[in-house]
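In what follows, a single structure is set out as structure tokens and then discussed.
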Amino acid sequence: MAVPTTDDRPVPDVPAGRLAGGRLRTFDIVFFVVGAAAPLTVVAGSAPLAFRLGGIGAPAAYLFAGVVYIVFAVGFTAMSERMANAGAFYAYISRGLAKPVGVGGALVALLSYCAICTGFYGAFGYFARNTLADLTGVTVPWPLWALAAVAVVGCLGYRQIDVGARVLGVFMVAEVLILVVVVVAVLVTGGPEGMSARSFQPGQVFGAGAGGMFVLVLGAFIGFEGTAIYSEETREPKRTIPRATYLAVAFLALFYTFATWAATVGFGADGLVGLAQSDDFGNMYFDLAEEFVGRAAKSVMEVLIVTSIFAALIAFHNASTRYLFALGRERLLPRRLARTHTKHSSPHVASVVMTAVSVVVVVFATLVHADPYMQLLLWTNGVGITGIVALQVLCALAVIRFFWKDNCGHHFTRVKAAPALAAVGLTVGLYLMLTNFELLTGRTGWINAALLSPVVLLGLGGAGYALRLRARRPDLYAVLAGTDATQNTKERS
């Protein structure tokens, strides 16, 4: 049988596959989500810049952002209990707001996750090259490191998802452990000014430079919403997804808060401000590790920041492939993307496509002599982070709309008040991102508008396509976003 298209030309009907159900447990998903956040990379790589922009208020800013995302998760997980779909943002926004908005959001989500994933290959090549050169004196060009990572991540994505979860678990524990060792050493030893709560004073958090600081702080949590895209592959998704989401956000919030507060103790508030404004601010946590633990700790941290990025690559590769899979299953992209492996039940076709895209991006960046960190990483992640925060705002509104007439057994606070508060907080965060976008890209002027334009164009284009489909092919429009005519969404009463 052929699947009709909008121009009435038949195309081969490729049966959609099923993802392996019951394979992931709560902590498997937590590993994916925390791995995507790359906590060591956030603390050692971007927290020093947050201190530089916003001063010693960074620890409280991370805590504040964590509270916002916990509030967001309250409504987000209520939605996840009603539907299990590998394209979570797409399904939730479609059912809560409107299908055209959901289709536009789906394309933005796909762009955002793919952009972040491909950008991290630049970061992996950059840090792997520098770490090897620092430890051995041997320099291997960053594109070779990046392409090697593409190959390994592609193989893991092609196989069973629990294989990737185990790899992520090892890396995540290692990177968290080294930071815990450093933080404990700092707090036990004490710094020049002793322990102080100055970082948590409101004037320190929302003073000059707070806008730029919150760009980095909110971006540090990107990836936690990925819990919902694994709902079709979990054991007891109605319980697993909420638990994994709360655990991931709470862990990240507390981890970032304590790790950044330890820096204010180790260097002292005044000393930290001076270091953050110096040319050597990027080595803040490596210096902290060497001073309070020893040279060996610094070397271990240099190695683990590479594995931290690798863990994030696995997580974002899996997120990207599941959006490709979901959109293929919805016929918004070629139906072949919805195939699953006969043995592994993995979205192997989508994984191969994502691997090919990553190779093309790395090769292109090499040919145009793009800097792997300042351009390939920051430019793509700037676009991806902005797109995902925009989708989080829409998702919060979708939760309110979905439960507007019927709370479905949930308390008013969970499905209306909490999503409303989250929408306000995330809208403020999105405004700060857009008005300080140059901090994410390192560029000013027209290039920032050019980088953000695909987010807007894909969002509007997807919505326009859905409206056109509704007018010309209402039969296909009817099966979008999880109606009873398809198997793409499991609604729970």
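The basis for the numbers below is simple: all heavy atoms, side chains too, and nothing from hydrogens, waters or symmetry mates.
- With Thr131 contributing its side chain and Glu302 its backbone, the two residues share a donor-acceptor pair below 3.5 Å.
- The CG atom of Asn436 lies 11.5 Å from the CZ atom of Phe214; values are rounded to the nearest 0.5 Å.
- Under the 4.5 Å side-chain criterion, counting only non-hydrogen atoms from C-beta, Phe325 is not in contact with Val349.
- Looking at Thr77 and Arg414, their side chains do bring a donor and an acceptor atom within 3.5 Å of each other.
- Looking at heavy atoms from C-beta onward, Leu377 lies out of side-chain contact with Tyr126 at the 4.5 angstrom threshold.
- Residues Ile222 and Val389 form a side-chain contact, since some pair of their non-hydrogen atoms from C-beta on lies under 4.5 Å apart.
- Separating the CG atom in Leu432 from the CG atom in Leu218 is a distance of 7.5 Å, to the nearest 0.5 Å.
- Ring pair Trp145/Phe124 is perpendicular by interplanar angle, where above 60° counts as perpendicular and below 30° as parallel.
- Dense packing is recorded around CZ of Phe403, with more than 12 heavy atoms of other residues, nucleotides or ligands lying under 6.0 Å away.
- Listed for the Thr380 side chain is a donor-acceptor partner under 3.5 Å among the backbone atoms of Leu376.
- Shown here for Gly387 and Ser112, the closest heavy-atom pair between the two residues is CA-OG, 3.5 Å.
- Within the 4.5 Å cutoff, no side-chain heavy atoms of Val455 are placed close to those of Thr386.
- Counting only distance, with no hydrogens or angles, the side chain of Arg335 and the backbone of Arg329 share a donor-acceptor pair below 3.5 Å.
- A centroid separation of less than 6.0 Å is found between the aromatic rings of Tyr92 and Phe76.
- Between Phe221 and Tyr256, the ring-plane angle classifies as perpendicular under the 30° and 60° cut-offs.
- The line from OG of Ser351 to CG of Asn318 is 7.5 Å long, rounded to the nearest 0.5 Å.
- In terms of heavy-atom proximity, Val43 sits nearest to Pro48 at O-CD, 3.3 Å.
- In this structure, the side chains of Leu304 and Thr307 come closer than 4.5 Å at one or more pairs of heavy atoms.
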Criterion side-chain contact (heavy atoms from CB on, under 4.5 Å) on Leu469 and Val103, from CA distance to verdict
CA-CA 11 Å; Leu469 197 65; Val103 173; over 6 Å; no

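- Looking at heavy atoms from C-beta onward, Thr257 lies out of side-chain contact with Phe64 at the 4.5 angstrom threshold.
- Asp371 CG to Trp142 CH2: the interatomic distance, rounded to the nearest 0.5 Å, is 8.5 Å.
- Residues Phe310 and Val306 form no side-chain contact, since every pair of their non-hydrogen atoms from C-beta on lies 4.5 Å or further apart.
- Taking all atoms of both residues into account, the shortest heavy-atom contact from Thr41 to Ser308 is OG1-OG, 3.0 Å.
- Here OH of Tyr113 is found 14.5 Å from OG1 of Thr118. Values are rounded to the nearest 0.5 Å.
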* Could you go step by step and tell me if Val456 and Leu452 meet the side-chain contact (heavy atoms from CB on, under 4.5 Å) rule? -> CA-CA 7 Å; Val456 178; Leu452 286 172; 5.6 Å; no

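- Residue Gly102 comes nearest to Ser94 through the heavy atom pair CA-OG, 3.1 Å, listed as atom of the first residue, atom of the second, then distance.
- Met433 contributes atom CE, which lies 9.0 Å from atom CG of Leu426 (distance to the nearest 0.5 angstrom).
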Report the C-alpha distance between Val363 and Thr366 in whole Å, list the side-chain angles of each, state the deciding distance to 0.1 Å, and finish with yes or no for side-chain contact (heavy atoms from CB on, under 4.5 Å). CA-CA 5 Å; Val363 170; Thr366 304; 5.6 Å; no

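- Within the 3.5 Å criterion, the main-chain N or O of Pro141 finds no donor-acceptor partner in the side chain of Arg129.
- Counting only heavy atoms from C-beta outward, the side chains of Phe51 and Met213 never approach each other to under 4.5 Å.
- For the pair Cys114 and Met354, the tightest heavy-atom approach, listed with the atom from each and the gap, is SG-SD, 3.5 Å.
- Taking all atoms of both residues into account, the shortest heavy-atom contact from Met79 to Gly96 is CE-N, 4.2 Å.
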Next item on the list: Report the C-alpha separation of Leu327 and Leu337 in whole Å, then their side-chain angles, then the decisive distance to 0.1 Å, and conclude whether the side-chain contact (heavy atoms from CB on, under 4.5 Å) test is met.
Entry: CA-CA 8 Å; Leu327 298 185; Leu337 291 170; over 6 Å; no

